[in-house]
Amino acid sequence: MSYGSIIKVPFGPQHPALKEPGNFLFEVDGEIVVDVKPRIGYNHRGVEKAFELRTYIQNIYLAERICGICSDAHTTCYTQAIEELLGVEAPPRARYIRVIIAELERIHSHALWVGIAAHEIGFDTLFMYVWRDRETVLDMFEMISGNRIHYAMNTIGGVRRDIHADMVSKIKKGLDLLEKRLKYYLNVVQTEQTILKRAVGVGILKPKDAVDLCAVGPTLRASGIKNDVRVDDPYAAYDEIAFNVITHDGCDVLSRILVRCEEMLESIKIIRYGLDSMPEGIIRVQVPMKVPQGEVVSRVEAPRGELIHYAKSNGTTKPERYKVRSPTLGNIPALCKMLLGGYVADIPIVLAGIDPCFACMDRMAFVDVKKNKEWVWTMQQLRRKYAKK
Amino acid sequence: MGLDYAAVEKEVCKKMTAETIVSMIRILVFPGALFLFTLAFFYEWVDRKFFARLQNRYGPLHTGPHGILQPIADFFKLLSKEDITPHASDKLVFILAPIFYFALPLTTLFVIPILSQTSLISFEGDLIFVIFAFTLIIITVFLAGWSSINRFSTIGSMRAAVQMLGYEIPMGLVMVGPAIAAGSLSISRIVEWQSLNFWLILLQPLGFAVFTVCLLAELQFVPFDIPEAETEIVAGWRTEFSGRKLALLRLGRDLELVLASALITSLYLGGSQQFWLIPPIVIFLVKTTFAVMLLSLLRAVFARFRIDQMLSGMWKYLLPLAALQIILIQLGLGG
Amino acid sequence: MAFVKEALKQLFRRPATLKYPYEKLTLPRDFRGRPIWDMEKCIGCGLCFDVCPSGAIKMIGKGLEAEIKHYVDRCMFCGQCAETCPKNAITMSEEYELAGFDRSKMLYEYKRDT
């Protein structure tokens, strides 16, 4: 349907389909989207600047709070970077525990996403069921680390808590239940007609576009491209664990659902293997407060995709510069491509399809396009502008 | 010996006053407005509770035993809230729309037999009136959304109107089925016919299925909650309504639910008929509760369609099925 | 249709939600709730104050005369203070219902009884 004239429809920053503030300006011809202009930055929190004001130990907890859902991925990335600067390595048992926590987090993050996706297409019952079963993972986290969301498991030079033998049996029991439920949901999304109607052929992202636009994580793998930091650049104990990288070549929302569902099942396998072959030994090594001079880049496969942290140290107890590139930022250009040519009614599910996390993503820099200049603010300037009187 | 005109007049007046009072009570209290309000709140509770249990939740819990008073509490809470009329809205329509939306299903419910086999108001052709009322409700919805001059409301009201084009014709067609079987266009007669013969769900199962699907669309339940799709267009056509107006809209929706379940009951499940010693009203309540549960079960197990999918589905599948049902009746099956 | 069966099955299950203020989850052994200082053991070294990422701990005075102020509204229950404490004077308790309307009431003071 074309009505000849193009209407501009703003979407967000306050909108029920987006759980966090982000703005998209759509140009709509009838029911078809012809242009998208994303505008991000509503949730800028000055995290990178805050990194420079805190000691390395304090920064672990700051890194954890970049994102609530992938809190472990951020701390793994952070501690890895600092460990590399210090020239220490986490003990083998700690590396296995990191893998187990990371995979449990992947299950909890993907399950959360499947629920949200079901909610976006109006399937609230599936949403409730998935979130109910996700509680199993959260309970495991509470048992292992003492908290449901911010586990605070990683520390520089290892992990803070051990996984005891009595926990192992409980985790395994929970995993059996989860595996049964996840297989059922995988079946539901493949057979339920109303879901298929909303997901097949929606939000197409061709493999070439996906690579050109630097898509990451499940979004990229749903376009049939095998890319996973866990395999390409193994960290923690991933080099000792065999697992499959799940890809689907449907390039649509259904493939994204399937990739995430199957990744959850794969994660269960990894956790089982990890629990069985965890070596005995210490879980952390002592590290000095001061970090030697240097620069480092660290990569981790967060549930949403490739996460990059950059740290620069000047030999004191605080980093000189810290930079976080969260996976959502990498997926934004690809998202705009997916939305083009789609229906207005499909916007929420396509948007949700990349599992956006705007709070992780928002960074600030000043760019003057005309003069081709770029600069950043100091903490004092930021304070002057935004701090409460 | 002349007639005592004064006495006769007095007698007639007395009789008329008594009759008026009785019919006033019947319309206003039982089984009229007050009873229907109570029923509306009760069915909202049944719907919420059953829907919650299907999702493995508790649902309303704290107001009254098992939360049964929650819908009433919600209603009074909304009455006390600030009532905002947007500056740019078409004020007259914006104020009138909730009143119409609430009055239409209430009026329509009077033609449905509840207390006995004859309804409060019964005339030949009241089935046509019901079909007409359903259309009027959607037109009210359209006006309500359109008058609030909100982007989401406008999209919602457009979708409501387009959706109506989809389900109205199959629904109208299928509602004629019971009328053909009973040989009358009056709902009371259809109920009467069913008490003498079979329930029409046994004779016209196809018609029952099509009718239920159409009612889901009429009630804007999942999978047809397209006009108020939360994640797409906020609250759709009712985005701008607040306070008393929203309270009326919600009561209107509840009355629509009562109307829908009462229609399923009357047209296909035998309506309010005496069974052994149980009075018809109890039978009616049991059957309508079942119908409400059926509707909430259906809204629990689907995802929302897109508007184009809904329209093509209605025209491609539901309309031929409805037509098939009518042809079957004409061939002597199911009538 | 398989989903209808699944949905109907739920009618015979206990709802998964808890009636929260009336029913509570049992907490695991090492739950991280409000940290509690044992002033008998505290030597006033100030490490907890130094290490706290959110500035929830204030120390008044020095050494064995030090008093601790814990602003629970700023605390994020990471447990780093308990981990750092050289004398194990800090334990993470099981208290978690700490929300309130008044920030000034969300202050826990630990003094030495002399």
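Proteins come first, then strands; the chains are lettered A, B, ... in the order of their sequence lines, and each starts at number 1. Please read all numbers here as calculations on a predicted model, not as lab measurements. Reckoned from all heavy atoms, side chains included, excluding hydrogens, waters and symmetry mates.
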Asker: So what's closer than 4.5 Å to chain C heavy atoms on A:D166: side chain, backbone, both or neither?
Answerer: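 Just the side chain, heavy atoms under 4.5 Å.
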
Asker: Going by salt bridge (charged side-chain N to carboxylate O under 4.0 Å, His left out), name the pairs with one or both residues in residues 151-164 of chain A, residues two or more places apart or in two chains.
Answerer: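 Sorted pair list: A:R93-A:D162, A:R160-C:E83.
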
Asker: Side chain, backbone, both or neither: which part of C:M76 has an atom under 4.5 Å from a heavy atom of chain A?
Answerer: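 Looking at C:M76, backbone and side chain both touch chain A.
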
Asker: Residue by residue, scan residues 170-188 of chain A and write down, ordered by number, those that have a heavy-atom distance under 4.5 Å to chain C; if none do, write 'none'.
Answerer: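 Within residues 170-188 of chain A, near chain C: A:R181, A:Y184, A:V188.
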
Asker: Give, as side chain, backbone, both or neither, the part of C:P28 having an atom under 4.5 angstrom from any heavy atom of chain A.
Answerer: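 Looking at C:P28, just its side chain touches chain A.
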
Asker: Do A:T79 and A:E83 have a side chain donor and acceptor closer than 3.5 Å?
Answerer: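 No pair is found: no donor N or O on one side chain lies under 3.5 Å from an acceptor on the other.
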
Asker: Between C:W37 and C:Y110, how do the two ring planes meet: parallel, tilted or perpendicular, split at 30° and 60°?
Answerer: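 Taking C:Y110 first and then C:W37, their aromatic rings sit tilted (interplane angle of 30° to 60°).
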
Asker: Classify the angle between the aromatic ring planes of A:H108 and A:Y151 as parallel (below 30°), tilted (30 to 60°) or perpendicular (above 60°).
Answerer: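 The arrangement is perpendicular - the two ring planes meet at more than 60°.
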
Asker: With the side chain counted from C-beta on, respond yes when A:I66 and A:R45 share a heavy-atom pair under 4.5 Å apart, and no when they do not.
Answerer: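 Yes, close enough: below the 4.5 Å cut-off.
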
Asker: Where does A:I60 contact chain C at under 4.5 Å (heavy atoms): side chain, backbone, both or neither?
Answerer: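 Neither part.
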
Asker: Among the options A:R54, A:R65, A:M128, pick out the one with the most heavy-atom pairs lying under 4.5 Å from chain C.
Answerer: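 Top count of heavy-atom pairs under 4.5 Å with chain C: A:R65.
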
Asker: Any side-chain donor-acceptor pair under 3.5 Å between A:R132 and C:Q10?
Answerer: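 The criterion, which ignores hydrogens and geometry beyond distance, is satisfied for C:Q10 and A:R132.
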
Asker: Looking at C:E95 and C:R34, would you say the former's side chain and the latter's main chain have a donor-acceptor pair under 3.5 Å?
Answerer: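 Pair absent, no side-chain N/O of C:E95 close to backbone of C:R34.
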
Asker: Can you tell me which portion of A:Y56 sits under 4.5 Å from chain C's heavy atoms? Options are side chain, backbone, both or neither.
Answerer: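 No part of A:Y56 comes within 4.5 Å of chain C.
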
Asker: So, does A:T55 use its side chain to make a donor-acceptor pair with the main chain of A:T317 at under 3.5 Å?
Answerer: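 No.
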
Asker: Please determine, among C:F31, C:F77, C:Y96, the option with the most heavy-atom pairs under 4.5 Å with chain A.
Answerer: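 Of the candidates given, the most pairs with chain A belong to C:F31.
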
Asker: If I take atom CD1 from residue C:I36 and atom CD1 from residue C:I68, how far apart are they, to the nearest 0.5 angstrom?
Answerer: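 C:I36 CD1 to C:I68 CD1: 14.0 Å, rounded to 0.5 Å.
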
